[in-house]
Amino acid sequence: QVQLVESGGDLVQPGGSLRLSCAASGSTLSIVVMGWYRQAPGEQRELVATITRGGSTNYADSVKGRFTISRDIAKNTVYLEMNILKPEDTAVYYCNAQGQEKILWGTRSRDYWGQGTQVTVSS
C-alpha cells in the first residue's frame, strides 16, 4: 500500500506562482510513475503532469511551459511548480502514484490517490 499526502494549495492571483508537494509513504519501492491530476467543479478529473522514477516527464498541453513536475527520490516526494497561473487552473489537485507488482506471468498496476489540495486562481 502507498499513502499520498498533498500540500501547498492556496489562493493566488492570476500570473502568480505556487508549488505543490506530494509525499509518498508505505510501499514506495513499487512506484513506477507519479503524477498530478486536477478536477474543477462539474468537470472530469484530468491529467496535468507525470514523472517516472527515472525522471521522464509528460505534460498536458494546457500547462506546458508553465508547470514543472519534479521528484526527490530520497524524500519520496513529488513537486509541481506552477507559474503564470490562470483562473482556468483553479481546481482540486490530486497526487497520483502508479505501483507495479509481479503476478504469475506478468505485472499488475495499482493506482493510489492523495486527498487533494485546493488551488484557486482569482483576483
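Numbers for residues simply follow the sequence, beginning at 1.
- For Arg19, there are no side-chain hydrogen bond (donor to acceptor under 3.5 Å, both in side chains) partners at least two apart in sequence or on another chain.
- Remark: Glu46 pairs with Arg38 by the side chain to side chain contact (heavy atoms under 4.5 Å, CB included) rule, at least two apart or across chains.
- Residues passing the side-chain hydrogen bond (donor to acceptor under 3.5 Å, both in side chains) test with Thr120 are Gln118, sequence neighbours excluded.
- Gln115 meets the side-chain hydrogen bond (donor to acceptor under 3.5 Å, both in side chains) test with Glu6; sequence neighbours excluded.
- As a member of the Ile/Leu/Val/Met/Phe/Trp/Tyr network built from side-chain separations under 4.5 Å, Val2 groups with Leu4, Val12, Leu18, Leu20, Ile31, Met34, Trp36, Val48, Ile51, Tyr59, Val63, Phe67, Ile69, Val78, Leu80, Met82, Leu85, Tyr93, Tyr112, Val119, Val121.
- Residues passing the side chain to side chain contact (heavy atoms under 4.5 Å, CB included) test with Ser56, sequence neighbours excluded: Thr52.
- Thr28 contributes no side-chain N or O that, together with a main-chain N or O of Ser25, makes up a donor-acceptor pair within less than 3.5 Å.
- For residues 60-103, the disulfide (SG to SG under 2.5 Å) pairs, not counting sequence neighbours, are Cys22-Cys95.
- Partners of Asp111 under the salt bridge (Lys or Arg N to Asp or Glu O under 4.0 Å) rule, at least two apart in sequence or in another chain, do not exist in this structure.
- Ile84 belongs to no hydrophobic cluster with other residues, because no ILVMFWY side-chain heavy atom falls under 4.5 Å from its own, directly or through intermediates.
- Screening residues 68-79 for side-chain hydrogen bond (donor to acceptor under 3.5 Å, both in side chains), with sequence neighbours left out, gives no hits.
- Contacts of Arg66 classified as salt bridge (Lys or Arg N to Asp or Glu O under 4.0 Å), with partners at least two apart in sequence or in another chain: Asp89.
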Side-chain donor-acceptor pairs under 3.5 Å in residues 97-107, sequence neighbours left out?
residue : atom : partner : partner atom : Å
Gln98   : NE2  : Ser109  : OG           : 3.1
Glu101  : OE2  : Arg110  : NE           : 3.2
Glu101  : OE2  : Arg110  : NH2          : 3.4

